[in-house]
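Quick notes on the structure that follows.
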There are 2 protein chains.
Amino acid sequence: MGEGVGTIPRKPNLYDVARLAGVSRSTVSRVLTGASNVSPEAVGAVRAATRRLGYRPDPIARAMRSGSSGCIGMVVPEIGNPFFAELVEAIERELQAHDVELMITDSRDSVENERRRIESLLDRRVDGLIVIPVESHSSAPALAHVTEIPIVLLDRRVDNLTGDFVGVDNAAGIHSVLQHIAEQGARRVVFVSGDDSTSTGASRLAAFDTQVARLVGIRPAHRLGSFTVEFGEKAAHELLAEGALPDAIVCGSDVVAIGVLHALSDSGIGVPDDVLVTGFDGIRLADLMRPTLTTVSQPISDLAVEAVRLVLLRIGGDTGPTRRSEIAPALQVRRSSTRGSA
Amino acid sequence: MGEGVGTIPRKPNLYDVARLAGVSRSTVSRVLTGASNVSPEAVGAVRAATRRLGYRPDPIARAMRSGSSGCIGMVVPEIGNPFFAELVEAIERELQAHDVELMITDSRDSVENERRRIESLLDRRVDGLIVIPVESHSSAPALAHVTEIPIVLLDRRVDNLTGDFVGVDNAAGIHSVLQHIAEQGARRVVFVSGDDSTSTGASRLAAFDTQVARLVGIRPAHRLGSFTVEFGEKAAHELLAEGALPDAIVCGSDVVAIGVLHALSDSGIGVPDDVLVTGFDGIRLADLMRPTLTTVSQPISDLAVEAVRLVLLRIGGDTGPTRRSEIAPALQVRRSSTRGSA
DNA sequence: CCGGTAGGTGGGCACGTTCCCATAGTGAGG
DNA sequence: CCTCACTATGGGAACGTGCCCACCTACCGG
């Protein structure tokens with residue numbers, strides 16, 4: 001009974017590769033980490049042995065020693081929100097193109113959860129973070145706490161936080177919607193959106209307030225809550241209860257608009273015949289609603305490419321000034337806002 | 001200049017806690033891992049020191065030594081699919097209730113990606129896996145390869161794989177739909193669904209074939225592709241091109257049904273007046289479509305609770321026989337399939 | 001001919017934790 | 001009174017890797 005005969009083939013480690021290649025652990029490590037000062041013969045022997053044993057470096061041990069895991073973490077407020085889900089999908093696709101792994105976590109719209117998720121990702125030694133923060137104000141402490149690794153804010157900003165940001169130009173988006181609504185002849189318009197606890201809510205609201213009088217017309221009003229279908233339904237029902245239906249309901253997000261459409265349909269109000277409705281985000285479902293939903297379409301793929309580019313750049317050592325990428329959204333005119341069309 | 005004065009406060013480790021508590025590393029470790037044989041005074045001192053230093057155990061080092069990370073991994077074919085997104089959300093919520101962390105990854109409907117994701121999660125020492133497999137056949141090797149930790153299949157099965165499964169009773173779901181369709185007076189029905197490369201596709205198809213003749217009627221037909229909006233649109237357009245519209249279109253998933261509704265609406269076909277349409281899955285959006293979509297509603301929350309219960313049970317050491325939980329779905333009758341209603 | 005230098009290599013150590021074993025103290029039973 | 005067993009504790013080792021340092025050899029210049 002010779003030694004090693006019949007033993008269970010344990011997962012190979014650096015020692016095993018070194019033994020088979022006839023070199024030391026150090027040399028194997030040098031080859032695998034791409035360091036210089038290794039002879040071509042050694043490189044060849046190590047590569048052969050690695051392949052032969054099916055060796056893969058242990059990411060845990062690697063993280064332990066080097067403090068880096070080779071993957072980046074993402075925190076999302078609510079993966080069930082189609083816009084965020086599409087964003088995650090795009091980020092994942094883009095990272096895969098760069099051979100970087102993604103760890104996705106959900107903060108469930110709670111700052112406390114968000115803090116925990118970020119701490120956990122840091123503990124797991126992610127090399128960078130892409131975060132869609134929960135709130136523009138109270139998310140700040142948890143995020144400011146991240147100093148060792150780069151962090152890119154996606155879609156939403158956070159107050160007083162020096163970090164890279166990637167999102168759309170909300171003011172331009174609201175502008176294009178209002179202009180379009182005005183062209184359709186609407187005069188009285190109500191803005192239904194999330195409140196100003198998120199930067200997207202705040203800046204879309206500010207843009208509406210700044211531009212509505214000049215572009216559209218009389219007695220503009222708000223109804224602010226959260227970016228959910230339920231809030232859209234509630235807001236629409238309240239508007240109906242008050243009696244005077246506006247000419248147009250401009251929504252701060254597509255899910256809100258979907259809620260509004262649902263409530264109006266339930267009450268027998270015709271869209272676009274009785275009231276125009278628009279959304280914001282450009283989720284895939286916007287085009288599948290009946291009526292199809294006019295919306296400010298965010299270039300999700302471009303946002304993902306830019307966010308990934310930025311975080312990898314920072315991981316690569318870039319220490320330039322904080323960057324803000326505001327990509328222009330494009331208005332998608334559809335049935336829900338086109339009066340008198342077929 | 002005394003030593004330690006003005007030094008940067010490094011992240012505390014076991015040594016620091018032990019020193020402050022006046023005990024050894026071993027005792028601290030015993031307290032924190034909840035082992036027995038520790039005196040109450042030691043426990044108190046360690047807890048106090050831990051709190052005082054704000055010490056948190058390093059999960060990487062823990063994983064390195066013990067081979068366990070205290071979190072479980074999930075692999076999903078497509079996070080952008082609303083049904084999967086809702087499932088992920090429910091799983092995350094349920095795991096959080098048990099204080100277990102979740103690492104979510106996306107296989108993007110590729111068996112090769114799926115294999116890589118699983119390997120990576122194993123490398124990261126997750127304690128268990130919840131997987132929605134890509135295919136019932138070719139996903140098998142990658143999954144069979146997982147032997148050290150428990151794995152629970154969710155929604156879809158895999159051939160010849162001995163592992164726990166949680167999903168709905170697809171045959172019962174199809175049965176309830178067909179019965180309902182028959183009651184509405186439909187005779188000719190077409191089944192539009194994903195093909196049999198997934199177990200859900202296969203079993204819904206089998207159930208349709210077995211039951212349709214008895215329950216509904218004449219010349220049933222299929223149109224099989226993938227569980228996507230695009231396929232639903234394509235299938236509906238093809239049906240229209242062929243001329244003879246059936247009485248009802250039974251879809252294998254809600255996203256397919258949404259695609260069908262979209263295509264029919266584009267072509268001016270009335271639902272439910274000209275043709276009945278039903279879905280399967282019960283995603284939240286089904287109730288927001290116009291017409292609202294009749295669907296077989298999966299108890300997503302129950303599925304998540306059961307999957308989490310099973311995986312934690314196995315992690316806890318349970319070695320009982322393989323379990324199959326097939327939860328009964330509930331038919332949600334809505335506008336898209338109710339002929340002659342208001 | 002000798003010293004210096006650069007390229008290539010191997011060994012020790014550390015990262016922070018858990019597991020195993022040895023040891024000291026204590027109570028009970030023969 | 002001695003011994004056995006059991007509790008509480010501390011120290012050493014190990015998980016697998018990357019980094020630092022020391023070493024060896026060959027080559028080149030003085």
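Protein chains get the first letters and strands the later ones, always in sequence-line order, with residue 1 at the start of each. Computed from heavy atoms alone, side chains included, the values below leave out hydrogens, waters and symmetry copies. Nothing here was measured: the structure is a model prediction, and the numbers come from that model.
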(request) Any chance you could list the contact pattern along nucleotides 4-12 of chain C? Use B for base contacts, S for sugar-phosphate-only contacts and - for none, protein heavy atoms under 4.0 Å, 5' to 3'. (result) ---SSBBBB
(request) Rounded to the nearest angstrom, tell me the gap between atom CE in M64(B) and atom P in dC19(C). (result) 14 Å
(request) May I ask you to evaluate whether S29(B) reaches the phosphate of dT18(C), defined as a side-chain N or O under 4.0 Å from OP1 or OP2? (result) yes
(message) Any salt bridge linking E92(A) with R117(B)? Criterion: basic side-chain nitrogen under 4.0 Å from a carboxylate oxygen.
(response) yes
(request) Please determine, by modelled atom types, if S68(A) and S66(A) share a side-chain donor-acceptor pair under 3.5 angstrom. (result) no
(message) Could you check whether E94(A) pairs with R309(A) (Lys NZ or Arg NE/NH1/NH2 to Asp/Glu carboxylate O, under 4.0 Å)?
(response) no
(message) Distance under 4.0 Å to a non-hydrogen atom of chain B counts as contact; along DNA chain D, which nucleotides mark the start and end?
(response) dA8(D) to dG16(D)
(request) Considering only NZ, NE, NH1 and NH2 on the basic side and carboxylate oxygens on the acidic side, decide whether D164(B) and R324(B) come within less than 4.0 Å. (result) no
(message) Check this for me: does any side-chain nitrogen of one of E101(A) and R124(B) sit under 4.0 Å from a carboxylate oxygen of the other?
(response) yes
(message) Is any side-chain heavy atom of D106(A) closer than 4.5 Å to one of L102(B)?
(response) no
(request) May I ask you to evaluate whether Y15(B) reaches the phosphate of dC15(C), defined as a side-chain N or O under 4.0 Å from OP1 or OP2? (result) no
(request) Tell me which residues in residues 44-51 of chain B put a heavy atom below 4.0 Å from DNA chain D, sorted by number, or none. (result) none
(request) For Q96(B) and N113(A), test the side chains for any donor-to-acceptor distance below 3.5 angstrom and give the result as yes or no. (result) yes
(request) Search all heavy atoms of A49(B) against all heavy atoms of V17(B) and return the closest pair with its distance. (result) CB-O, 3.8 Å
(message) So, does R62(B) get its side chain near the phosphate of dT18(C), meaning an N or O under 4.0 Å from OP1 or OP2?
(response) yes
(request) To the nearest Å, give me how far apart CZ (R65(B)) and C1' (dT17(C)) are. (result) 8 Å
(message) With a 4.0 Å cut-off on N to O distance, would you call E112(A) and R115(A) a salt bridge?
(response) yes
(request) State whether R10(A) and D16(A) are salt-bridged, where the test is any N-O pair (Lys NZ or Arg NE/NH1/NH2 against Asp/Glu carboxylate O) under 4.0 Å. (result) yes
(message) If the threshold is 4.0 Å, N to carboxylate O, is there a salt bridge linking E326(A) and R157(A)?
(response) yes
